[in-house]
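Numbering starts at 1 and runs along the sequence shown. Just so you know, ligand 1 is whichever comes first in the structure, and atom 1 is the first atom listed for that ligand. Everything numeric here is computed off the predicted structure, so don't read it as measured data.
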Amino acid sequence: MRLNMFINGEWVSAISNKTREIINPFNQEVIATVAEGNREDATLAIAAARKTFDEGTWAATPASERGEIVRKIGELILQEKEELARLETLDTGKTIEESRADMDDISNVFFYFAGLADKDGGELIESPIPNSTSKIVREPIGVCGQITPWNYPLLQAAWKLAPALASGNTLVLKPSEITPLTSVKVFELFEQAGVPKGVANLVLGAGAEVGAELAENTDVDLISFTGGIETGKTIMQAASTNVKKVALELGGKNPNIVFADADFDVAVDQALNAVFFHAGQVCSAGSRLLVEESIHDEFVDALVKRTKQIKLGNGFDDSTQSGPLISAEHRAKVEGYVEVGLQEGAQLVVGGSRPDKAELQDGFFYLPTIFTNCTSEMRIVQEEVFGPVLTVETFTSKDEVIKKANDTIYGLAGAVFTSDIDKAEDVARQLRMGTVWINDFHPYFAQAPWGGYKQSGFGRELGKVGFEEYTEVKHVYRNTKPEAVHWFK
Ligand SMILES: NC(=O)c1ccc[n+]([C@@H]2O[C@H](COP(=O)([O-])OP(=O)(O)OC[C@H]3O[C@@H](n4cnc5c(N)ncnc54)[C@H](O)[C@@H]3O)[C@@H](O)[C@H]2O)c1
Ligand SMILES: C[N+](C)(C)CC=O
């Protein structure tokens with residue numbers, strides 16, 4: 001498989017002719033060779049998006065027509081679901097069942113934003129000035145740079161692509177250099193759906209090259225980034241060149257609070273899923289378990305028992321419950337954190353090493369790992385590991401657990417398990433996080449906004465507000481009885 005970039009309606013290789021090999025994290029086999037763009041390629045793509053936006057045709061296309069094209073993309077994604085899911089599993093190692101679910105979510109995102117495209121007809125407001133009218137309209141921002149991570153390659157791209165297209169912007173997408181396959185495929189579907197030339201551009205390559213150009217280039221009006229906190233800070237600084245609008249979807253260190261009155265079996269099952277789904281490589285993973293002291297021992301015992309049963313393997317095997325980590329570098333980072341946890345005095349109760357099964361030796365596997373005796377000061381409690389590592393802390397009161405749950409720099413998501421709904425609502429109100437789940441973990445869908453408080457970022461994706469992120473707000477004031485003001489006599 002050899003894959004190119006899509007710039008100004010053409011499939012092109014990199015100007016430098018460089019390529020990159022894409023590796024299957026399950027067995028380290030090369031699954032594709034893709035064009036490796038750099039700043040020059042990114043500049044070309046930005047110029048195409050700029051010219052196309054400035055010509056004005058796409059923004060002036062009736063919103064219902066843009067919506068139809070976006071809807072068509074959703075339909076094509078469903079038609080190509082099996083192939084897209086296959087590519088996503090090859091590229092990330094996640095189970096094929098997860099990839100299929102991602103494709104369903106992704107098509108829903110395109111359907112949702114297709115539906116929003118023509119719903120905002122502007123708003124007349126009451127002007128306080130006699131003989132005047134006042135109207136609020138939303139317009140596309142312009143050229144959008146979009147940078148995405150490797151853990152949910154197409155899903156994170158879809159959250160940016162669908163609203164940008166539906167609202168009349170032009171764009172340049174830079175997917176993670178490790179996982180570009182589904183992004184390339186979806187740009188083929190854009191062509192089939194009738195996205196006009198120059199509206200959507202795809203540049204492949206490293207963050208420090210292509211991503212940095214998108215963030216710095218003064219022809220880009222908005223930079224929307226999903227990824228790690230340190231990259232987010234760099235992008236925020238780079239975006240100051242032309243004071244471009246910035247949206248950052250960063251990491252999390254998400255608390256999962258379990259009160260003693262929660263349904264025990266449900267809470268155990270959900271705690272397991274919260275942290276170990278997709279090998280913990282989820283921004284909103286419930287990697288910090290806060291369990292009420294009176295049930296701690298019983299809860300941890302049950303959790304450890306279930307954790308030992310998680311079957312690691314090839315994402316294409318139906319019996320596999322969890323795939324590998326994304327890369328050797330990433331596994332080394334996770335291993336480093338486990339070492340830190342041990343040095344900090346946390347107690348390792350399960351996992352803490354690579355699996356020893358022969359059939360897993362070629363992949364970047366790591367065993368689901370649980371530390372107890374954890375405290376707020378520990379680095380493994382404060383920092384995002386982004387792997388299958390759970391820290392367990394205890395609490396004895398609602399106030400204590402709220403304080404502990406909020407005590408990191410992050411504010412992406414959290415959950416509370418209890419049978420007392422008033423208590424749950426009170427905790428939810430006091431958590432400083434963009435999403436709070438009550439008696440559940442992980443649900444997200446196109447209708448509800450997603451994003452972080454504190455250093456988990458700013459801006460929102462999905463929902464009506466995720467559409468509005470891609471628009472500027474304009475106030476149009478009209479004097480219906482113009483006359484001289486005679487201010488200067
Ligand atoms: N909040 C969310 O919704 C959300 C969703 C998914 C992932 N994440 C976060 O993403 C992180 C994991 O993803 P990652 O390892 O790919 O993150 P990363 O920050 O290393 O890379 C993300 C993207 O940024 C690019 N990039 C790297 N350096 C750049 C630079 N200097 N300028 C511009 N672009 C640059 C990369 O090439 C990649 O495309 C985790 O922290 C995770 O929590 C957040
Ligand atoms: C936003 N989400 C949960 C789909 C992926 C986070 O890594």
Side-chain angles (χ1 to χ4, degrees), residues 20 36-39 42 91-92 94 98 101-102 105-106 109 145-160 172-180 183 202-217 220 223-239 246-254 273-274 277-287 325-327 329-330 333-334 383-387 409-413 433-435 437 441-446 448-462 466:
R20 175 190 290 263
E36 175 75 356
N38 61 19
R39 279 180 183 270
D91 215 351
T92 61
K94 63 170 69 178
E98 281 178 56
D102 284 354
D105 280 346
I106 290 163
V109 166
Q146 307 184 322
I147 304 176
T148 49
W150 48 258
N151 64 331
Y152 282 76
L154 190 53
L155 186 129
Q156 296 300 162
W159 289 14
K160 301 182 192 304
V172 180
L173 173 72
K174 189 213 94 65
S176 167
E177 57 274 36
I178 319 178
T179 54
S183 296
L202 172 71
V203 184
L204 308 176
E209 282 282 326
V210 179
E213 185 60 41
L214 286 175
E216 289 165 25
N217 194 298
V220 175
I223 188 86
S224 175
F225 169 76
T226 302
I229 191 167
E230 291 311 319
T231 318
K233 288 180 188 174
T234 307
I235 284 173
M236 202 170 160
Q237 281 176 345
V246 180
L248 299 178
E249 296 286 346
L250 308 177
K253 192 71 187 179
N254 314 287
N273 194 47
F277 187 77
H278 193 12
Q281 302 169 116
V282 182
C283 56
S284 47
S287 55
L325 298 178
I326 191 68
S327 65
E329 297 72 30
H330 189 56
K333 178 185 156 191
V334 171
E383 298 175 22
E384 186 186 45
V385 177
F386 216 54
I409 60 168
Y410 293 106
L412 188 58
M433 286 146 210
T435 295
W437 295 292
F441 211 104
H442 281 315
Y444 52 85
F445 37 81
W450 180 269
Y453 281 29
K454 303 197 290 185
Q455 294 188 41
S456 287
F458 52 82
R460 290 292 179 271
E461 296 193 303
L462 302 183

Which bit of Glu461 gets closer than 4.0 Å to ligand 1, counting heavy atoms only: side chain, backbone, both or neither? neither
Protein contact to atom 36 (C) of ligand 1 [nearest heavy atom, distance to 0.1 Å]: Glu177 OE1, 3.7 Å
Are Tyr152 and ligand 1 in contact, using a heavy-atom cut-off of under 4.0 Å? no
Side chain Lys174, main chain Gly145, donor-acceptor under 3.5 Å: no
Relative to atom 42 (C) of ligand 1, which among Trp450, Phe386, Phe225 owns the nearest non-hydrogen atom? Phe386
Stepwise side-chain contact (heavy atoms from CB on, under 4.5 Å) check, Tyr152 with Asp102: CA-CA 8 Å; Tyr152 282 76; Asp102 284 354; 3.7 Å; yes
Backbone, side chain, both or neither: what part of Phe277 comes under 4.0 angstrom of ligand 2, heavy atoms only? neither
For atom 7 (C) of ligand 1, the option (of Leu412, Ile229, Asn151) bearing the nearest heavy atom: Asn151
Among all protein heavy atoms, pick out the one at the shortest distance from atom 6 (C) of ligand 2; state its residue, atom name and that distance to 0.1 Å. Cys283 SG, 2.4 Å
Tell me the protein heavy atom at minimum distance from atom 26 (N) of ligand 1, and give that distance in Å. Gly207 CA, 3.3 Å
Could you check whether any heavy atom of Gln156 sits closer than 4.0 Å to an atom of ligand 2, since that is the contact criterion I want to use? yes
At a non-hydrogen distance cut-off of under 4.0 Å, which region of Thr226 contacts ligand 1 (side chain, backbone, both, or neither)? both
His330 side chain to Phe386 main-chain N or O, any donor-acceptor pair under 3.5 Å? yes
Which word best sums up how the rings of Tyr444 and Trp450 line up, parallel for under 30°, tilted for 30 to 60°, or perpendicular for over 60°? perpendicular
Short N or O distance, Thr148 and ligand 1, threshold 3.5 Å exclusive: yes
Can Ser176 be said to touch ligand 1, with heavy atoms closer than 4.0 Å? yes
Trp159 N/O under 3.5 Å from ligand 1 N/O: no
Counting both backbone and side chain atoms, is some N or O of Cys283 under 3.5 Å from an N or O of ligand 1? no
Geometric N/O contact Thr231 with ligand 1, under 3.5 angstrom: yes
Minimum-distance protein heavy atom relative to atom 17 (O) of ligand 1: Gly228 N, 3.3 Å
Could you tell me, atom by atom, which parts of ligand 2 come under 4.0 Å of a heavy atom of Tyr444? 3 (C), 4 (C)
Would you check whether Ile235 has a nitrogen or oxygen atom less than 3.5 angstrom from a nitrogen or oxygen atom of ligand 1? no
Which residue owns the protein heavy atom closest to atom 3 (C) of ligand 2, what's the atom, and how far is it? Ser284 OG, 3.5 Å
Only heavy atoms of Leu155, strictly under 4.0 Å: list the atoms of ligand 2 that pass. 4 (C)
Counting only nitrogen or oxygen atoms and a 3.5 angstrom limit, does Lys174 reach ligand 1? yes
Distance-minimising heavy-atom pair for Leu248 and Met236: CD1-SD, 4.0 Å
Going by the 4.0 angstrom heavy-atom rule, the piece of Val210 near ligand 1 is neither
With a cutoff of 4.0 Å, is Ala212 in contact with ligand 1, counting heavy atoms of the residue only? yes
Is it the side chain (CB and beyond), the backbone, both or neither of Gln156 that lies under 4.0 Å from ligand 1, heavy atoms counted? side chain
Is it true that a side-chain atom of Gln455 and a backbone atom of Ile229 form a donor plus acceptor pair closer than 3.5 Å? no
Considering all protein heavy atoms, does one lie under 4.0 Å from atom 21 (O) of ligand 1? no
Polar side-chain atom of Asn254 near backbone of Cys283 as donor-acceptor pair, under 3.5 Å: yes
Pairing residues for Glu230 by the salt bridge (Lys or Arg N to Asp or Glu O under 4.0 Å) criterion, not counting sequence neighbours: Lys233
